[in-house]
Every structure is written in structure tokens, then in C-alpha cells.
Novice: 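Just dropping this structure here.
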Amino acid sequence: MPQYDYDLFVIGGGSGGVRAARIAAGHGAKVAVAEESRLGGTCVIRGCVPKKLLSYAAHFHEDFEDARNYGWTVGDASFDWATLIANKDKEIDRLNGIYKKLLSGSKVDLLESRAVIVDPHTIDVGGKRVTAKNILIAVGAWPERPQIPGIELSITSNEAFHLPMLPKEIVIVGGGYIAVEFAGIFNGLGAKVTQLYRGEQILRGFDDDVRHFLAAEIAKKGVAVRTQADVARIEKSGGRLNITLKSGEVLACDAIMYATGRHPKTNGMGLTEVGVKLKANGAIVVDADSQTAVPNIHAIGDCTDRLNLTPVAIREGQAYADSVFGSKPWMMDHKTVASAVFSHPPVGVVGLSEADARKEGRELDIYKADFKPLKHTISGRDERTLMKLVVDRKSQIVLGAHMVGMDAPEIIQAIAIAVKMGATKQQFDAAVAVHPTAAEEFVTLRMPVTAS
Ligand code: NDP
């Protein structure tokens, strides 16, 4: 008779938890996953995937306009929000079904209930006690809103995916990934968008050239980006909302969406009671092996607040399962991870920003290109592309690559291979250009723009 019901009990059926469960089961472990909502987690159900589908929808607006100078006669284009949401939901249902099949195909038990840790080897799942040798917490994060008067009148990205209709005028609060992405989506779909950011420039933490360039491009597309703007209160006025800024100015709109960060969803899970340590924001403290303060309890993904990206959670889950159940120990390397912001136009980055490289005390060669993409020479659209390489002068290693413009996320994925390998500027230059592309600029940047 085995000592425990399971070798591994995973709490949270998002991308990271499901990957860990499947890999551990493949290594021969008896595994269960508890999920209180829908399998797939933030990325599949209420994040990356539906967001990107909405972003595609928003791009058609410009595609119809751009087609005209290419000789196309485009009839009266109109957009139906309900069709988009229904089709998006159908795709999310399909993916949710695939996740279920992946688990059952791997012989992992799915328990569709909330799980609470009772002791290091016991979990309460919807009132039933289950025991496990190991526990993996992969519960993700949840939108966070500041507690100002009227905040309950606002929505978050969770609700934005299910609005009954497209708002005519929307205010988006925040200057991070989600705010910038939804500003592009709502603007492209035809809403009047105002984005309020409390600081000096959106996308804090990104390269300064990227931030300024993107803010200017977003503004050209019609989003009113207001910096140094903080909301004091929100009130209902008839069918509309009045937003009073700290400056006293009042903005009227149909909807207000907060994208002011996310907090780890670790509340009420019995974590501190069993000895798992949490940071002030609720993030689970883990070591490089994703182990918590309790040796048989590990945690991965957004609930650990390391690098909050789906592919990172997946890799952390894979490393955990291989190490603990497959006798193949390895660690996730959190350095030089590429990421993208699906803004309009999108951003792709890998490696260090110029400011972060300078903070390391390095002398740098900075290469930049700022140009009109070939497509827009005929379309007439006033949209530009920015590319930037941050190069260590002494070693000539490319420390960072940054791009704002069409296809930036696709391009940066390939550039990330070279940057991760530690390629030098000369090795970039040795790659012959693919012409005519935007990507070729990354291998034809001849002269540094600044050198210090
Ligand atoms: P971010 O942490 O990226 O940005 C939060 C924004 O809200 C910042 O601009 C911040 O300002 C601002 N803010 C925070 N608190 C307040 C407040 N009280 N009042 C006003 N503004 C405030 O969070 P997001 O919600 O955009 O995204 C969460 C995470 O999800 C990201 O960090 C990212 O890792 C992940 N994500 C990744 C995506 C991708 O890879 N494409 C897409 C979406 C999300 P300040 O800069 O001053 O702190």
C-alpha cells in the first residue's frame, strides 16, 4: 500500500502546472492536478491567447485602409464585437478541451475544485482530503487595483474579454504590458481610448528609446496617452463614468479598465500555516530549484513573481518535473529571456536595455535604425520602425536587441537565439541580409550612433 495517494499534487492547471504534471507523469509519477476555474490558466483563458486574437482583430482596421493605395477598393467595413467574442470563446473552449485531453492522455487525475494545503503532505480539495509526497503550487496571479473610491465601477483585463459591447470611449489606467496592449486593441476596434499613466513614460523597465518611440507611435494611431496622470475617484453619471484625476480634471467615458499589475494568487491556501514563506506582495519565496521553505513543496510561475511570462512558467515546471521525478536535474535560466508587448505597433526585446547595461559600468556601442517600413511607402501610413543593438565595446558581445514595429515579436524570437549564445556584433554582421525585410536591419547596422 503506497504511503500517499499521489507522488505529485499540482495546485493550478495553467501552462506551468499542466506541463509539470504531464512531464512528472511521463517519468512514472502518480499525479493529480487541482483547478478551481478552467484548465489553461491565465495565458489560455484570460491572457496571452485571447488577447492576441483580439489584437489580430484590431489590426484589420489599418489593413483595410492600407489596402487602398495598393489598388484595392474596400467596401464599407464594419465591425461586430459579438462575433469576435463568440469566435474567440469558441477557440478558448477548444484549447481548454486540448488541455483536458493532454492531462487524461498522460494519466493525470484532474480534480475540478479549489485546493488548500492542510499539512506538507495533505491537501483539502473541495472538502475531500488527499495526500501527496510532493506538492507543486502553480496558482498564477490575479489583477490588482488600487483601492480608490469607485474602483468597483472599473473592469480589469479579465472582464475586458467578456464585455457585452465595445465601449465607445474607454480609459485605460496603467503603463505596463496589459495597458499598452489593450489600448491598441480598443483603439484598433474603433473605441476612443485614453491611457493614463502615473509616471513620466509608459513601459517602465524597457529601453528608453523603445518607450519614447512606442509612445509616439501609439499617439499617432489616436490613443491619447496621458502621463503624470493619476486617478483620484470614479463616479457613475447616468450611463457614463466620470473619472476625477488628482489634478482635479474630470474625464467622462463609458468604461474604465485598470491594468495596474497583478498579485500572486496565494491567499487563503494555507501556505504560511505550513511554513511556506511569502514576500510582502504574496509571492512565494523559492530557490533556484523552485523549492519553497518546505522541502517537498515547490512553486513555479507567476505566483513566485520571478519573470511573469508563460514560457518561463512552462520551463520552470519542466525543470521541476525532470529534476524531482526524472533523475535529470536542471535549472531554469532566467537570464536573457526575450519578451514581446503586443502593442500596436508591437515591441520585441531580448537582453539588456542601454540604461541597465550602463548601470553595470560597461562601455557601450549603441546601434540604431529608425525607418519607414517598405509596406508603408505605398500605404502612406505614418508608421515607423525602431531597431537598436546594445553592444559591449570591449568584447563586442551584443547585450541587448530591441525593436518596435511590424513583426517585432516574430523577429526578436530569432535574434534571441544569437543574443542568448553570446554572439558578437561581428557575428551579427557576418549573417547576410534577407532582402527586402525589416529584420535585415539587425545585420546591417554599420556605425554606432553613440559611443561612450
Ligand atoms: P505591469 O507590472 O507590467 O504594469 C503595471 C502598470 O500599472 C505600471 O505602469 C505601473 O506603474 C502601474 N501602476 C501600478 N500600480 C498603480 C496604481 N496604484 N495606480 C496607477 N498605476 C499603477 O502589470 P500589467 O498588469 O500590465 O501586467 C502584469 C504582468 O503580466 C507583466 O509584468 C507581465 O510580466 C505579464 N504580461 C506579459 C505579457 C506579454 O508577455 N506580452 C502581456 C501581459 C502581461 P509604474 O511603472 O509607475 O510602477
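If you read the sequence from its start, that first residue is 1, and numbering goes on from there. Note that ligands are numbered from 1 as they come in the structure, with each ligand's atoms numbered from 1 the same way.
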Novice: So if I count the atoms of ligand 1 from 1 in the order they appear, which ones are less than 4.0 Å from some heavy atom of Tyr197?
Specialist: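 Heavy-atom distances to Tyr197 below 4.0 Å select 9 (O), 11 (O), 45 (P), 46 (O), 47 (O).
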Novice: Do the side chains of Arg384 and Glu217 get close enough for a salt bridge, i.e. N-O under 4.0 angstrom?
Specialist: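 No.
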Novice: Hey, are the side chains of Pro167 and Phe186 touching, using non-hydrogen atoms and a 4.5 Å cut-off?
Specialist: yes
Novice: At less than 4.0 angstrom from any non-hydrogen atom of Arg262, what atoms of ligand 1 do you find?
Specialist: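 Answer, ordered by atom number: 28 (C), 30 (O).
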Novice: Can an N or O of Ile178 be found at a distance shorter than 3.5 Å from an N or O of ligand 1?
Specialist: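 Yes - when backbone and side-chain N and O of Ile178 are compared with those of ligand 1, one distance drops under 3.5 Å.
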Novice: One residue to check: Ala141. Relative to ligand 1, which of side chain, backbone, both or neither has a non-hydrogen atom less than 4.0 Å away?
Specialist: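 No part of Ala141 is near ligand 1 at this cut-off.
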Novice: Purely on distance, is any nitrogen or oxygen of Glu181 under 3.5 Å from one on ligand 1?
Specialist: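 Glu181 vs ligand 1: N/O contact under 3.5 Å present.
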Novice: Indicate yes or no: does Arg306 engage Glu316 in a salt bridge with an N to O separation below 4.0 Å.
Specialist: yes
Novice: Work out which heavy atom in Leu166 is nearest to a heavy atom in Leu189; give both atom names and the distance.
Specialist: CD2-O, 3.3 Å
Novice: Would one find an N or O of Gly175, backbone or side chain, under 3.5 Å from an N or O of ligand 1?
Specialist: yes
Novice: Could you identify the single nearest non-hydrogen protein atom to atom 38 (C) of ligand 1 and state the distance to 0.1 Å?
Specialist: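 Here the closest protein heavy atom is Tyr177 CD2, 3.2 Å.
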Novice: Check Glu65 with Arg381, please: is the shortest side-chain N to carboxylate O separation under 4.0 Å?
Specialist: yes
Novice: What atoms of ligand 1 come closer than 4.0 angstrom to any heavy atom of Leu309?
Specialist: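 Under 4.0 Å from Leu309, ligand 1 has these atoms: 40 (O).
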Novice: Which ligand 1 atoms does Gly176 reach within 4.0 Å, using its non-hydrogen atoms?
Specialist: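 That gives atoms 3 (O), 4 (O), 6 (C), 8 (C), 9 (O), 26 (O) of ligand 1.
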Novice: Polar-atom distance check: Arg204 versus ligand 1, any N or O pair below 3.5 Å?
Specialist: yes
Novice: Any Lys/Arg nitrogen of Asp333 or Lys420 sitting under 4.0 Å from an Asp/Glu carboxylate oxygen of the other?
Specialist: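 Yes, charged N to carboxylate O under 4.0 Å.
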Novice: Enumerate the atoms of ligand 1 whose separation from the nearest heavy atom of Ala259 is less than 4.0 angstrom.
Specialist: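 Listed by number with element, the hits are 5 (C), 6 (C), 7 (O), 25 (O).
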Novice: For ligand 1, which atoms sit closer than 4.0 Å to a heavy atom of Ala340?
Specialist: 39 (C), 40 (O), 41 (N)
Novice: Hey, which atoms in ligand 1 end up nearer than 4.0 Å to a heavy atom of Asn308?
Specialist: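 So the atoms of ligand 1 that pass are 33 (C), 34 (O), 35 (C).
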Novice: Relative to each other, are the rings of Trp81 and Phe79 parallel, tilted or perpendicular (30° and 60° limits)?
Specialist: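 If you compare the ring of Trp81 with that of Phe79, the planes turn out perpendicular.
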Novice: Using the ring of each side chain (for Trp, its six-membered ring), is Phe325 parallel, tilted or perpendicular to Tyr320, with breaks at 30° and 60°?
Specialist: perpendicular
Novice: Minimum heavy-atom separation for Leu251 and Arg226, please, with both atom names.
Specialist: CD2-NH1, 3.9 Å
Novice: Cation-pi check, Lys51 to Phe342: give yes when NZ or CZ is under 6.0 Å from the six-membered ring centre and within 45° of the ring axis, no otherwise.
Specialist: no
Novice: Give yes or no for whether the N/O distance cutoff of 3.5 Å, strictly under, is met between Phe342 and ligand 1.
Specialist: no
Novice: Quick one: does Gly261 get an N or O within less than 3.5 Å of an N or O on ligand 1?
Specialist: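 In this structure, Gly261 places an N or O atom under 3.5 Å from an N or O of ligand 1.
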Novice: What atoms in ligand 1 come closer than 4.0 Å to a heavy atom of Lys51?
Specialist: 41 (N), 42 (C)
